[in-house]
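Naming convention: chains lettered A, B, ... in sequence-line order (proteins, then strands); numbering from 1 in each chain.
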Amino acid sequence: MTTPILELKNIHKSFGDNAVLRGISFSMEKKERIVILGPSGSGKSTLLRCINHLESFEEGDVFLRGKRVEENKLHELRMQVGMVFQRFNIFSHMTALENVIEGPLYVKKMNKEEAIAKGELLLDRVGLGDKKHAKPSQLSGGQLQRVAIARALAMDPEILLFDEPTSALDPELVGEVLQVMKSVAEEGMSMVVVTHEMGFAKDVADRVIFMDEGVIVEEGPPDEMFTRPKTERSRNFLSRVLSPMGE
Amino acid sequence: MDIVIRRLPNLLNGSLLTLEYSLFSLVLGLLLGVFIALMRDSNYRLLSGISWFYIWVFRGTPLMVQLFIIYFGLSQFNIIMTPFVAGILGMTLNNGSYIAEIVRSGIHGVDEGEREAARALGMRYWTEMRRIVAPQAAKQCMLPMVNQFISTIKNSSILSVITVAELTREGQVIANSSFNYFPVYITVAALYLIMTSLCMVLSNWLQRRLG
Ligand SMILES: Nc1ncnc2c1ncn2[C@@H]1O[C@H](COP(=O)(O)OP(=O)(O)O)[C@@H](O)[C@H]1O
Ligand SMILES: [Mg+2]
């Protein structure tokens, strides 16, 4: 068996006396695409943030390609684990292209011509080649999120984490972002995606993890999870999220 | 009236000195203020505590008393300063405490999500500060800094109590020797008004530029 690209062992995290993660363990193979589902407040965002140590946790370890992540090497971890946020978090004082090349220039110390060439290529790839000099205030939510994906890709990460990347978007803008995410998946990126887009989960995920109250309740391939959920809790949740979409 | 005209060069020199002290202590106060602001927000309790204490003391006591302590008080311990040094030091320390709060609110105004995105890219603290926080915070601080400069110009009149020959002091000397108080002090006031008005013009221009 190959070493998993990412492994979480028994992660515990509390905010005060609110135990948000209560022993999360899973491992992920290279090029695997995992979708995490779960009701709001179940700890999905916190879990993603613990993976790249944006949040500290009391117990447990994160392993990247079999190596435990050390506290003093966090920036090295983060260079390899990209993140896309619900609220885009685009640098508001920079143009689209400047956002994308910021990491390569100031974290990887790439030279400027190379970074710009790479940035332009990536913006093309997310369908924003003509918006490279646009300021964030001139872009729609869907466009901002695509810039954010290009910004994460610019670091050539091993893994990409997505935290509800389409939840803050107007419905008509969701499709363009999902399409970009699918193309990223098709190119072999290892991805962990928190989303309520069941269509995306069915099409793209290799594995679905269902979380509730800080624990993994159930996991499995999407067709199994969606047609024959084993636990009461996942049945309830899935019937709620699947039915309004008429599926 | 001709006393004013005759001594106008002295008053203009005083004005120049007022501007000089104000500008110096604003620039030094900015350096100090940034430092204190970063300390205040640091995770180290001790640094944060020192910074809190400094801000508390210097914002909570009158500038005049601060100057008395620095200029007269310290001389008892053989720490003797020229009025210039004591004046710049006092005004810088005083400015620093106010500017620290300006800088802090500028920093806090930067979207936490953007800072998190910077960290998620692998940026280190100082890179994040320089590339993401500073440019946005600086814009936020511009107007409050001009207002701080206006306050500084007015407060610098207190330097007269430690014999710095700034505008107010020059006015006092001329008025006391001529017993012609009214025209002299009106002229002093007018000169302050010109200086502060110029700053307000700058402030309005900035306000329009920054939207
Ligand atoms: N910074 C924080 N401070 C305190 N509580 C938090 C913080 N972030 C999240 N929480 C709490 O942790 C729980 C899980 O939140 P989150 O991970 O955002 O859930 P999800 O993403 O599944 O909706 C919630 O009860 C939330 O209130
Ligand atoms: Mg969430």
Worksheet item: Where does A/Phe85 contact chain B at under 4.5 Å (heavy atoms): side chain, backbone, both or neither?
Response: side chain
Discussion item. Can you confirm whether more than 12 heavy atoms, excluding those of B/Phe24, are under 6.0 Å from its CZ atom?
Written reply: no
Worksheet entry | Choice from A/Met79, A/Met83, A/His93 maximising heavy atom contacts with chain B below 4.5 Å | A/His93
Discussion item. Can you tell me if B/Phe35 has over 12 outside heavy atoms packed within less than 6.0 Å of its CZ?
Written reply: no
Discussion item. Taking side chain as everything from C-beta outward and backbone as N, CA, C, O, which of these in A/Leu74 sits under 4.5 Å from a heavy atom of chain B? Side chain, backbone, both or neither.
Written reply: neither
Practice prompt. Tell me, yes or no, whether the heavy-atom count around A/Lys182 atom NZ, taken from other residues, nucleotides or ligands under 6.0 Å, exceeds 12.
Written response: yes
Worksheet item: What residues form a salt bridge (Lys or Arg N to Asp or Glu O under 4.0 Å) with A/Arg65, not counting sequence neighbours?
Response: A/Glu158
Item to complete: Residue by residue, scan residues 87-123 of chain B and write down, ordered by number, those that have a heavy-atom distance under 4.5 Å to chain A; if none do, write 'none'.
Response: B/Asp111, B/Gly113, B/Glu114, B/Glu116, B/Ala117, B/Ala118, B/Arg119, B/Ala120, B/Leu121, B/Gly122, B/Met123
Worksheet item: Is it the backbone or the side chain of B/Arg124 that comes under 4.5 Å from a heavy atom of chain A, or both, or neither?
Response: side chain
Discussion item. For A/Phe15, I'd like to know if atom CZ has over 12 heavy atoms of other residues, nucleotides or ligands within 6.0 Å.
Written reply: yes
Item to complete: Answer yes or no: are there more than 12 heavy-atom neighbours, outside A/Lys135 itself, under 6.0 Å from its atom NZ?
Response: yes
Worksheet entry | A/Tyr106 side chain near B/Arg130 side chain, heavy-atom distance below 4.5 Å | yes
Discussion item. Taking atom NZ as the centre, does B/Lys139 end up with more than 12 heavy-atom neighbours from other residues, nucleotides or ligands that are less than 6.0 angstrom away?
Written reply: no
Worksheet item: Can you say whether A/Val84 sits under 4.5 Å from chain B via the side chain, the backbone, both, or neither, judging by heavy atoms?
Response: neither
Item to complete: Sequence neighbours left out, what passes salt bridge (Lys or Arg N to Asp or Glu O under 4.0 Å) with A/Glu187? Give chain and number order.
Response: A/Arg125
Discussion item. Quick check on A/Gln179: does its CD atom have over 12 non-hydrogen neighbours (other residues, nucleotides or ligands) under 6.0 Å away?
Written reply: no
Discussion item. So if I take each residue of residues 37-53 of chain A and look for any heavy atom under 4.5 Å from a heavy atom in chain B, which residues do I end up with?
Written reply: A/Arg49, A/Asn52
